[in-house]
Amino acid sequence: MPIFVDAILNDKEVIIHGDGKQTRSMAYVDDLIEGTFLAIENEKAVGEVINLGNEKEMSVIDTAFLIHKIAATGKELKLKYVKMEDIFGKYKDILRRRPDLTKAQNLLGYKPKISMEDAIKRTVERRRKEIEK
């Protein structure tokens, strides 16, 4: 997501691997920190493998369009599609990435709080401030 934000704010091409229909479930860093903290404090978490993140899925291409909308740069969204083979060779990208948060919810009481839209707004604001410096 930050790579897309930087490209959009700097009026550069957003590189899309393949057709962009692969999905991702992105979480804001504050939610991940909270989940990690909950695991550190909970003795039942010792030795456990626990997924943290966000279960809301969005395609890569829809993410680019949403970031562009929220950034409201007034410029056209520049997309560049690159064949998966050109990026990964014979490796096959995972087309759907969505964590199962059941254990985190049951064991830790973890639930992500920051929506994708709010995460994008926060990231855009932070990057704009850094660009202005």
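In what follows, every heavy atom counts, from backbone to side chain, and hydrogens, waters and symmetry copies are set aside.
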**Student:** Hey, can you pull the donor-acceptor pairs under 3.5 Å for the side chains in residues 104-113, sequence neighbours left out?
**Tutor:**
unit_1	atom_1	unit_2	atom_2	d
N106	ND2	T102	O	3.4
Y110	OH	G53	N	3.3
Y110	OH	G53	O	2.8
K113	NZ	E34	OE1	3.0
K113	NZ	E34	OE2	2.9

**Student:** Just to verify, which of V5, T123, I120 counts as forming a side chain to side chain contact (heavy atoms under 4.5 Å, CB included) with I70?
**Tutor:**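 Testing I70 for a side chain to side chain contact (heavy atoms under 4.5 Å, CB included) against V5, T123, I120 leaves exactly one candidate, I120.
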
**Student:** State, yes or no, whether a side-chain contact exists between L101 and N54 at a heavy-atom distance under 4.5 Å.
**Tutor:**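 They are not in contact (no side-chain heavy atoms under 4.5 Å apart), so the answer is no.
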
**Student:** Partners of P2 by side-chain contact (heavy atoms from CB on, under 4.5 Å), sequence neighbours excluded?
**Tutor:** none

**Student:** Sequence neighbours left out, what pairs pass ring pair (Phe, Tyr, Trp, His ring centres under 6.0 Å) with at least one residue falling in residues 40-82?
**Tutor:** none

**Student:** Among residues two or more places apart or on two chains, list those pairs meeting salt bridge (Lys or Arg N to Asp or Glu O under 4.0 Å) that have a residue in residues 14-24.
**Tutor:**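 Matches after skipping sequence neighbours: R24-D93.
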
**Student:** Checking side chain to side chain contact (heavy atoms under 4.5 Å, CB included) between I67 and each of K121, M116, M1, which is the one that passes?
**Tutor:**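 Option passing the side chain to side chain contact (heavy atoms under 4.5 Å, CB included) with I67: M1.
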
**Student:** Please identify each residue that fulfils side-chain hydrogen bond (donor to acceptor under 3.5 Å, both in side chains) with N42, with sequence neighbours left out.
**Tutor:** none

**Student:** Whether the side chain of T73 engages the backbone of L9 through a donor-acceptor N/O pair (distance < 3.5 Å, no angle test) should be reported.
**Tutor:** no

**Student:** Is I16 reachable from M26 through a run of I, L, V, M, F, W or Y residues, each pair having side-chain heavy atoms under 4.5 Å apart?
**Tutor:**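 Yes, one cluster joins them.
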
**Student:** What do the steps show when you test V60 against T23 for side-chain contact (heavy atoms from CB on, under 4.5 Å), and what is the final call?
**Tutor:** CA-CA 6 Å; V60 171; T23 64; over 6 Å; no

**Student:** What heavy-atom pair brings I8 and A64 nearest, and what distance separates the two atoms?
**Tutor:** CD1-O, 3.7 Å

**Student:** Cluster partners of I114, using ILVMFWY side-chain heavy atoms under 4.5 angstrom, listed by chain and number?
**Tutor:** Y28, V29, I33

**Student:** Roughly how far apart are N51 CG and S25 OG, rounded to 0.5 Å?
**Tutor:** 11.0 Å

**Student:** Heavy-atom distance under 4.5 Å between the side chains of L79 and E13, does that happen here?
**Tutor:** no

**Student:** For D118, check salt bridge (charged side-chain N to carboxylate O under 4.0 Å, His left out) against everything at least two apart and list the hits.
**Tutor:**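 Result, salt bridge (charged side-chain N to carboxylate O under 4.0 Å, His left out) vs D118: none returned.
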
**Student:** Holding to side-chain contact (heavy atoms from CB on, under 4.5 Å), I want the full list of residues that pass it with I3, two or more places apart in sequence or in another chain.
**Tutor:**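 Partners of I3 under the side-chain contact (heavy atoms from CB on, under 4.5 Å) test: none.
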
**Student:** Backbone N or O of K83 within a donor-acceptor pair of the E85 side chain at under 3.5 Å?
**Tutor:**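 Looks like no, no N/O pair under 3.5 Å.
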
**Student:** Would you call V14 and L77 a side-chain contact if the rule is heavy atoms closer than 4.5 Å?
**Tutor:** yes

**Student:** Search all heavy atoms of V124 against all heavy atoms of A71 and return the closest pair with its distance.
**Tutor:** CG1-CA, 4.2 Å

**Student:** Going by the rule salt bridge (charged side-chain N to carboxylate O under 4.0 Å, His left out), which residues pair with D6 if we only count those two or more places apart in sequence or in a different chain?
**Tutor:** R127

**Student:** How many angstroms lie between NZ in K75 and CG in N10, if you round to the nearest 0.5 Å?
**Tutor:** 10.0 Å

**Student:** Would you say I94 ends up clustered with I61 if hydrophobic residues are merged whenever their side chains have heavy atoms under 4.5 Å apart, either directly or through other cluster members?
**Tutor:**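 The answer is no; the residues belong to distinct hydrophobic clusters.
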
**Student:** Roughly how far, to the nearest 0.5 Å, is OG of S59 from CG of L95?
**Tutor:** 12.0 Å

**Student:** Show the nearest heavy-atom pair for residues G35 and L52, with the distance to one decimal.
**Tutor:**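 Smallest interatomic distance, heavy atoms only, reads C-CD1, 3.6 Å.
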
**Student:** Which residues pass the side-chain contact (heavy atoms from CB on, under 4.5 Å) test with I40, sequence neighbours left out?
**Tutor:** T36

**Student:** Do any pairs count as a salt bridge (Lys or Arg N to Asp or Glu O under 4.0 Å) and have a residue in residues 46-65, sequence neighbours left out, and if so which ones?
**Tutor:**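 Listed once each, the pairs are E48-K103, K56-E117, E57-R96, E57-R98.
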
**Student:** Applying salt bridge (charged side-chain N to carboxylate O under 4.0 Å, His left out), name anything that partners K78, two or more places apart in sequence or on another chain.
**Tutor:**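 K78 satisfies salt bridge (charged side-chain N to carboxylate O under 4.0 Å, His left out) with D11 only.
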
